[in-house]
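All chains are named by letter (A, B, ...) in the order of the sequence lines, taking the proteins before the strands, and each is independently numbered beginning at 1.
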Amino acid sequence: MAPLLQLRGISKFFPGVKALEGVELTLRPGRVTALIGENGAGKSTLVKILTGIYQPDAGEILIEGRKVHFDTPEAAQRARITAIHQETVLFDELSVAENIYLGHAPKNRFGLVNWAAIRARSMALLHSLDAPIKATMLLKNLSIAQRHLVAIARALSVDSNVVIMDEPTAALSHKEVEDLFRILARLKASGKAILFISHKFEELHRVADDYVVFRDGRTIGAGRMADATHGELVHMMVGREVDQVFPKAPATIGAAILSVKGYSHPTEFDNISFDLRKGEILGVYGLVGAGRSELCQSLFGMTHPSAGSVAIDGTFVSIRSAADAIKAGLVYVPEERGRHGAVLAMPIVENVTLGSLGAVSQRGFIRAAEEFKLARHYAQRFDLRASSLSQPVGTLSGGNQQKVVIGKWLATKPKVIFLDEPTKGIDIGSKSAVHAFMSELAGQGLAVLMISSELPEILGMADRVLVMKEGRMAGFFDREGLTAETLVQAATGNMGALR
Amino acid sequence: MDTPENTGPDELPRRFGPIASLVRRELLLVGAVLVLLALIAIRFPAFVTPANLASVFNDTSILIIMALGQAAVIITRSIDLSVAANVALTGMTVALLNAHVPELPLLLLVALAFLQGLVLGAVNGFLVWKVGIPSIVVTLGTLTIYRGLAFVLSGGAWINSFQFSAGFLGVPRAEFLHLPLLSWLAVAVVAATTLVFDRTSIGRAWFAVGGNPTAAVYAGIDAGRTRFLAFCFSGLLSGLCGYLWVSRYAVAYVDVASGFELDVIAACVIGGVSIAGGIGSVGGTVLGALFLGIIKNALPVVNVSPFAQMAISGAIIIAAVTLNTRAERKGGRIILRPQVAAIPAE
């Protein structure tokens with residue numbers, strides 16, 4: 001069958017990062033193609049290129065053999081490509097029908113919105129999806145699964161030929177997934193080409209006809225799903241030499257500093273127990289949404305647990321706020337330092353001392369000399385590149401911003417440090433600097449907990465690895481003999497959780 | 001390492017970005033104030049005599065003090081619309097006390113004005129912090145409540161100059177080193193606010209919470225409490241101005257300082273305090289207030305009709321804010337600027 005959509009040699013670069021490099025993809029009518037890859041493999045970038053949000057730096061997009069350019073999302077829509085995103089972009093205060101037809105509402109002969117047609121067509125669409133939703137309901141009153149159905153209805157309302165589903169089952173229950181698969185079968189039967197992105201291999205084996213594997217922004221393999229085993233796919237997804245990339249210097253591992261037992265949250269995670277020891281790097285691996293960040297945020301006092309105990313140095317502690325956590329010697333370096341880490345408009349010096357103003361103050365007043373001394377100490381220690389300490393952090397490069405944020409945490413003299421995706425979105429050079437630095441921290445007797453979705457990073461840096469899946473512990477592994485395959489299988493729930 | 005580094009000597013660091021653009025903006029404001037004065041001087045040279053300038057400063061003192069309180073609130077990404085109503089209510093309270101119990105010492109009245117202003121500010125802050133209502137809604141409500149209370153207290157009656165004690169009216173007018181005490185008070189508040197903004201953890205927290213609330217929370221700063229304290233600060237200064245206002249105009253009635261909150265906010269915005277939070281300075285705010293004060297004082301002098309005066313003030317505010325937002329956007333764009341050299345040792 002002739003391909004409906006073809007990508008040839010598509011590349012996309014961001015400052016310091018090659019998101020996609022010469023990827024190939026072919027979608028055929030009436031077939032479901034699975035797009036497989038680790039977090040950060042370039043899947044989302046590809047979806048954004050296909051929907052006109054990003055423009056590729058190189059390569060071409062062909063629809064039925066003709067070259068096309070998507071300068072805007074509207075151009076992609078006109079080319080009959082539609083996407084159902086991971087997080088549906090809908091409007092809470094509008095009705096279901098308005099959500100479905102927003103932006104392409106049918107007009108009457110006076111050029112005004114034809115409400116009768118919107119309602120009638122929405123009802124027909126929802127009916128065809130077997131969706132138990134009324135077109136007049138407000139979106140905010142719907143469940144997550146129902147919202148997904150609305151998103152699907154919206155995607156179908158523009159009569160697309162290509163439907164992209166980006167992790168559509170992530171938030172759905174088992175029964176809802178079955179409903180979704182029925183819809184998928186119907187779309188297939190009507191000749192649409194479907195790109196299906198998911199981490200759940202059992203799903204992919206069920207619904208996909210073809211597969212494409214991405215790794216580090218490149219196409220690694222493609223073929224018919226029936227010809228590939230689960231093991232082969234995992235190997236393609238993660239397979240690379242990892243030993244030399246991220247060296248963790250050997251460190252003497254001492255007694256447990258942080259002991260967590262039966263730690264639970266009403267909605268995010270359940271019954272988590274682990275010890276974090278002096279000099280150790282504990283890796284926490286799992287899929288996006290497995291509850292890793294939520295666990296650490298709760299330990300850091302930002303949300304409150306429903307059960308469980310936390311002890312630091314053998315003493316039970318009750319951490320009710322971030323200030324408590326910092327006082328107890330625990331710090332959290334969040335993901336997305338721009339959003340969570342640094343105050344961009346503030347000078348470097350004020351960012352570094354933000355968590356430890358007490359140490360540089362006397363009688364309630366901050367002493368400028370002390371403050372600069374503290375900031376200069378960390379700036380030198382991390383080889384911070386800046387023209388002056390008074391420079392706003394927003395003018396620094398990503399890697400240097402990360403240094404400021406880490407400096408801020410170390411200035412509080414912590415015993416335990418949580419690093420959430422410490423090298424996400426930074427370039428290779430800064431990455432290895434961050435890794436060397438983590439080794440150094442552990443070497444100095446800090447206990448480090450590192451959340452990472454990058455397998456090489458986990459395998460290279462972590463002494464032990466805790467794997468989380470859907471808010472629960474799905475495995476605990478020692479560094480010795482640990483393979484990427486084992487971790488992925490534990491995190492995706494294939495072949496049973498290993499305990 | 002990061003790609004854009006070590007690009008050569010002519011790319012050497014210049015200070016850019018929000019903070020540096022603030023410095024540039026302050027220079028721009030100084031320039032604007034000087035140009036304004038020069039233009040006025042052409043038509044009316046007497047305006048720029050030292051004596052008149054001192055009187056303009058004195059006339060702007062209350063605006064300066066209140067704008068500094070407001071700046072703290074705006075820097076935390078909030079707004080306080082109730083400041084003028086606070087002035088009216090606190091002014092009415094001290095006026096009534098002075099009129100009915102003239103033997104109360106002035107110092108006690110001033111302390112009371114501070115205290116009541118603080119309480120009124122704390123009510124705003126509490127509703128924003130603990131009840132979680134957006135500050136614009138809270139202070140829109142309290143602005144009506146506070147003015148309503150001023151009516152309840154006074155029964156709608158005016159308190160006129162002859163009812164005040166001599167000290168009540170005289171002290172802010174007392175001259176010291178050629179300037180009235182009112183002007184010196186403004187200078188003192190400017191100095192104190194500079195200290196709070198630059199050298200205390202609460203001042204630092206205001207900027208952090210406004211600049212990046214999430215980062216502030218991760219640094220162990222309680223964002224709600226921080227905002228609460230900003231409202232307290234604004235209320236405290238408004239309370240002081242309640243007394244100053246009544247004393248200066250020698251009259252207290254319900255509609256005192258009606259609409260003045262808009263002047264206060266305008267002074268902040270002209271002075272480069274970002275409505276989006278996290279950016280602002282004492283110097284800029286003072287210059288913004290002075291700019292507004294000069295316009296308000298000069299327009300009648302150059303014979304502009306009162307109605308045209310309002311239109312002109314309004315137009316100038318929009319022009320100033322347009323300039324500011326443009327400068328802000330420019331600053332914001334420069335994100336990946338080449339940096340050179342590690343931070344050197346002492």
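A:Phe365 is listed as a side-chain neighbour of B:Leu195, based on a closest heavy-atom distance under 4.5 Å. Residues A:Lys408 and B:Tyr218 fail the side-chain proximity criterion, which asks for heavy atoms closer than 4.5 Å.
Atom CG of B:Leu115 has more than 12 neighbouring heavy atoms from other residues, nucleotides or ligands inside a 6.0 Å radius.
Using a 4.5 Å cut-off between heavy atoms, A:Thr353 touches chain B through its side chain atoms alone. Using a 4.5 Å cut-off between heavy atoms, A:Phe382 does not touch chain B at all. With a 4.5 angstrom heavy-atom cutoff, B:Ile221 touches chain A only via side-chain atoms. In this structure, the portions of A:Ala368 lying under 4.5 Å from any heavy atom of chain B include both its backbone and its side chain.
Heavy-atom pairs under 4.5 Å with chain B were tallied for A:Ser361, A:Ala323, A:Ala325, A:Ala375; the largest tally goes to A:Ala323. Contact tally against chain B (heavy-atom pairs below 4.5 Å) for A:Leu357, A:Val333, A:Asp324, A:Val331: the top residue is A:Leu357.
Taking CG of B:Asp198 as the reference point, atom CD of A:Glu350 lies at 7.5 Å (rounded to 0.5 Å). Between the CD1 atom of B:Ile279 and the CE atom of A:Met346 there is a distance of 11.0 Å, given to the nearest 0.5 Å.
For B:Gly278 against A:Ala345, the heavy-atom pair with the smallest separation is O-CB, 4.4 Å. Counting all heavy atoms, side chain and backbone alike, B:Ala215 lies closest to A:Val343 at CB-CG2, 4.2 Å.
Of the possible polar contacts, one joining the B:Arg199 side chain to the A:Ile366 backbone as a donor-acceptor pair under 3.5 Å is found.
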